[in-house]
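Encoded as structure tokens, the structure appears first; notes follow it.
Here is the naming used below: chain letters follow the sequence lines, and residue numbers restart at 1 for every chain. On a predicted model such as this, the values are computed, not experimentally measured, just so you know. No hydrogens, no waters, no symmetry mates; every other heavy atom, side chains included, goes into these values.
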Number of protein chains: 2
Amino acid sequence: MDMENRKEQIIERALVHIKKRGYLSFSYDHLSKELGLTKASIHYHFEKKESLGLAVCDRLETGLDQMMIAIKQMDIDPKEKAIEFLRMRLSYIDLDEICPISAFQADFPYLPEILKQSVQHVTNKELGCVAELLKDIHNNEAKAILLLSALKGALQYRRAVGGEIMETISKQLKELLQ
Amino acid sequence: MDMENRKEQIIERALVHIKKRGYLSFSYDHLSKELGLTKASIHYHFEKKESLGLAVCDRLETGLDQMMIAIKQMDIDPKEKAIEFLRMRLSYIDLDEICPISAFQADFPYLPEILKQSVQHVTNKELGCVAELLKDIHNNEAKAILLLSALKGALQYRRAVGGEIMETISKQLKELLQ
DNA sequence: TGACACTTACTTAGTAGTAGGTTAGTGTAT
DNA sequence: ATACACTAACCTACTACTAAGTAAGTGTCA
């Protein structure tokens, strides 16, 4: 397979693993077996695990940029756009998964320095996105923190208490903005 | 050292590790070196890692019970009691730590079955505690979920964005109940 | 009182399995 | 001929867990 396709394929699988297991707990061994390659082959494309982690963070940032473009073009009430952002973010996360940014945050103290910086960057970018979509609302930066904390906290709760929790949270977050 | 003291000491250190690293990523090796024992000695007190995990869950439940007794006896506005509960929960969590229940939830899919059950139990107990303290408030069970999700999501964010986030969240959660 | 059986709380030295990472070499397309 | 995409075979370090042994005590008999 050609270089760019294979790299993309590896990043994609790594992202799934991170959403399911977190960054520290997924391994090149699991990844390689799923992709039908050897560990050494993944090391060929991403010399260190941290290089792959950085590539995943890059992909997350690109995803946020694309979502913001899509939402800004949408023909809906501007007051609904922040909620639409959360809805779209959720749509990328399966029932047994958590938000990949949360997963990186959970492992944060044990990440290599360069990856910490990348995680901080994408974290602040996401907070900035929501704050921007709330720009006409009072105290929009604090509200962005509340919305994202609650959403991601609830995703973690879902693992132990089941899926209904997401509807409960979504409903309350909508009410909060009215 | 006598049996009960040593057991307590091991549970205490394990709890700190879980708050810092999560359940899957802390090891008997780290734990034993900190306590000045061997790994085998910890296995003597807790045959398997999952036995130690269960003991930690038990301790968390006992802690919740004691907090509820303390809060019910406090001479404050009943409407402030849920916020006081959150404040007390936070006081047990250092700056570089997350909520231990969140830590177990993050590792949930990879926990042994018996430990999953224990984590579910303590999770539901905590939700029940907050709902009980909110009993005079409309939609108290949904509100309990919102309060705890936001608090714990924010603790995770704190690792990447710094400590100020907790004041922002606390302030908004207080406003939410007025 | 003292010998004997037994327990507690540990240690040393290992097991098998998995982690991230490396090195040298192979097949293939241009 | 050369660069690319890969594999086989390794290495060191760390994981949970175990086997075997030991020093210091405890309880119970004659």
Side-chain angles (χ1 to χ4, degrees), chain A residues 1-18 20-57 103-104 106-116 118, chain B residues 1-18 20-57 103-104 106-116 118:
Chain A
M1 189 181 288
D2 89 282
M3 185 83 166
E4 287 313 309
N5 284 357
R6 185 65 93 196
K7 272 192 133 157
E8 273 305 305
Q9 195 190 8
I10 293 170
I11 291 169
E12 198 65 47
R13 284 311 302 168
L15 179 56
V16 171
H17 275 270
I18 286 164
K20 285 193 197 295
R21 312 186 48 122
Y23 173 78
L24 292 178
S25 295
F26 96 85
S27 75
Y28 268 32
D29 197 47
H30 285 118
L31 207 53
S32 63
K33 276 167 186 156
E34 280 181 15
L35 295 168
L37 300 170
T38 57
K39 280 193 298 175
S41 179
I42 298 180
H43 277 287
Y44 170 76
H45 292 284
F46 298 96
E47 194 186 346
K48 299 184 166 199
K49 196 184 178 186
E50 99 188 22
S51 328
L52 178 50
L54 288 172
V56 169
C57 282
F104 276 118
D107 291 332
F108 197 78
Y110 304 92
L111 299 182
E113 195 54 44
I114 192 168
L115 191 48
K116 277 187 182 175
S118 209
Chain B
M1 189 179 288
D2 89 283
M3 185 84 166
E4 287 314 307
N5 285 355
R6 185 64 94 196
K7 273 193 132 154
E8 274 303 305
Q9 196 190 6
I10 293 170
I11 291 169
E12 199 65 46
R13 284 309 303 167
L15 180 55
V16 171
H17 275 269
I18 286 165
K20 286 193 198 294
R21 313 185 48 122
Y23 173 77
L24 292 178
S25 296
F26 95 85
S27 76
Y28 270 33
D29 195 48
H30 286 117
L31 207 54
S32 64
K33 275 167 186 155
E34 281 180 15
L35 294 169
L37 300 171
T38 57
K39 284 188 291 177
S41 178
I42 299 181
H43 277 286
Y44 169 77
H45 293 284
F46 297 96
E47 195 185 344
K48 300 185 164 197
K49 196 183 179 186
E50 94 186 29
S51 327
L52 178 50
L54 288 172
V56 169
C57 282
F104 276 118
D107 291 332
F108 198 79
Y110 304 92
L111 300 182
E113 195 52 45
I114 192 167
L115 191 48
K116 277 187 183 176
S118 209

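Within the structure, every side-chain polar atom (N or O) of B/Y44 is placed at least 4.0 Å from both OP1 and OP2 of C/dC10. A sub-4.0 Å separation between OP1 or OP2 of C/dC10 and a side-chain N or O of B/H45 is present. At D/dC6, one or more side-chain N or O atoms of A/R6 fall inside 4.0 Å of OP1 or OP2 (strictly under the cut-off). Residue A/S27 places none of its side-chain N or O atoms closer than 4.0 Å to OP1 or OP2 of C/dT18.
Shown here for A/E47 and A/S51, the closest heavy-atom pair between the two residues is N-OG, 4.0 Å. Contact detail for A/G53 and A/L115: the closest heavy-atom pair is C-CD1, 3.6 Å. In terms of heavy-atom proximity, A/I18 sits nearest to A/A103 at O-CB, 3.4 Å. Scanning all heavy atoms of the two residues, the minimum distance from B/L35 to B/R6 falls at O-NH1, 4.4 Å. Nearest heavy-atom pair across A/C57 and A/S118 is CB-OG, 3.5 Å. The two residues B/V56 and B/A14 have their closest heavy-atom pair at CG2-CB, 4.0 Å.
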Enumerate the protein-to-nucleotides 25-29 of chain C contacts in which both atoms are nitrogen or oxygen and the separation is below 3.5 Å.
none

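Atom-to-atom, OH of A/Y23 to C1' of C/dG20 comes out at 10 Å; the value is rounded to the nearest Å. Between the NZ atom of B/K7 and the P atom of C/dC10 there is a distance of 12 Å, given to the nearest Å. Summarising the geometry, the separation between OH on B/Y110 and P on C/dA19 is reported as 12 Å, rounded to the nearest angstrom. Look at CD1 on A/I42: it is 10 Å from P on C/dG20, rounded to the nearest Å. Distance, B/K49 NZ to D/dT15 P: 9 Å, rounded to whole Å. Here C/dG20 presents its P atom at 14 Å from CD1 of A/I10, a figure rounded to the nearest Å. Separating the NZ atom of B/K48 from the P atom of D/dT15 is a distance of 19 Å, rounded to the nearest angstrom. When the C1' atom of C/dG20 is taken as reference, atom CG of A/L52 falls 12 Å away, rounded to whole Å.
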Give the table of side-chain donor-acceptor pairs shorter than 3.5 Å for residues 106-114 of chain B, with sequence neighbours excluded, one pair per line with atom names and distance.
residue : atom : partner : partner atom : Å
B/D107  : OD2  : B/Y23   : N            : 2.9
B/D107  : OD2  : B/L24   : N            : 3.0

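Here the side chain of B/K49 pairs a donor or acceptor atom with the backbone of B/F26 at under 3.5 angstrom.
DNA chain D is contacted by B/D29, B/H30, B/K39, B/A40 of residues 29-40 of chain B, taking any non-hydrogen atom closer than 4.0 Å.
Using a 4.0 Å heavy-atom cutoff across all strands shown, B/S41 reaches at least one base atom of the nucleic acid. Using a 4.0 Å heavy-atom cutoff across all strands shown, A/F26 reaches sugar-phosphate atoms only and no base atom.
Taking CD from A/Q9 and NE2 from A/H45, the interatomic distance works out to 9.0 Å, rounded to the nearest 0.5 Å.
Residue pairs meeting the salt bridge (Lys or Arg N to Asp or Glu O under 4.0 Å) criterion with at least one member in residues 33-45 of chain A, sequence neighbours excluded, are A/R13-A/E34, A/D29-A/K33.
The salt bridge (charged side-chain N to carboxylate O under 4.0 Å, His left out) test applied to A/K116 returns no partner, not counting sequence neighbours.
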Inset, instruction - May I have the step-by-step check of side chain to side chain contact (heavy atoms under 4.5 Å, CB included) for B/I11 and B/F46, ending in yes or no? - result: CA-CA 10 Å; B/I11 291 169; B/F46 297 96; 3.7 Å; yes
Legend entry - Dot-bracket line, read 5' to 3' along DNA chain D, where crossing pairs take [ ] and | marks a partner on another strand, Watson-Crick or G-U under 3.5 Å: ||||||||||||||||||||||||||||||
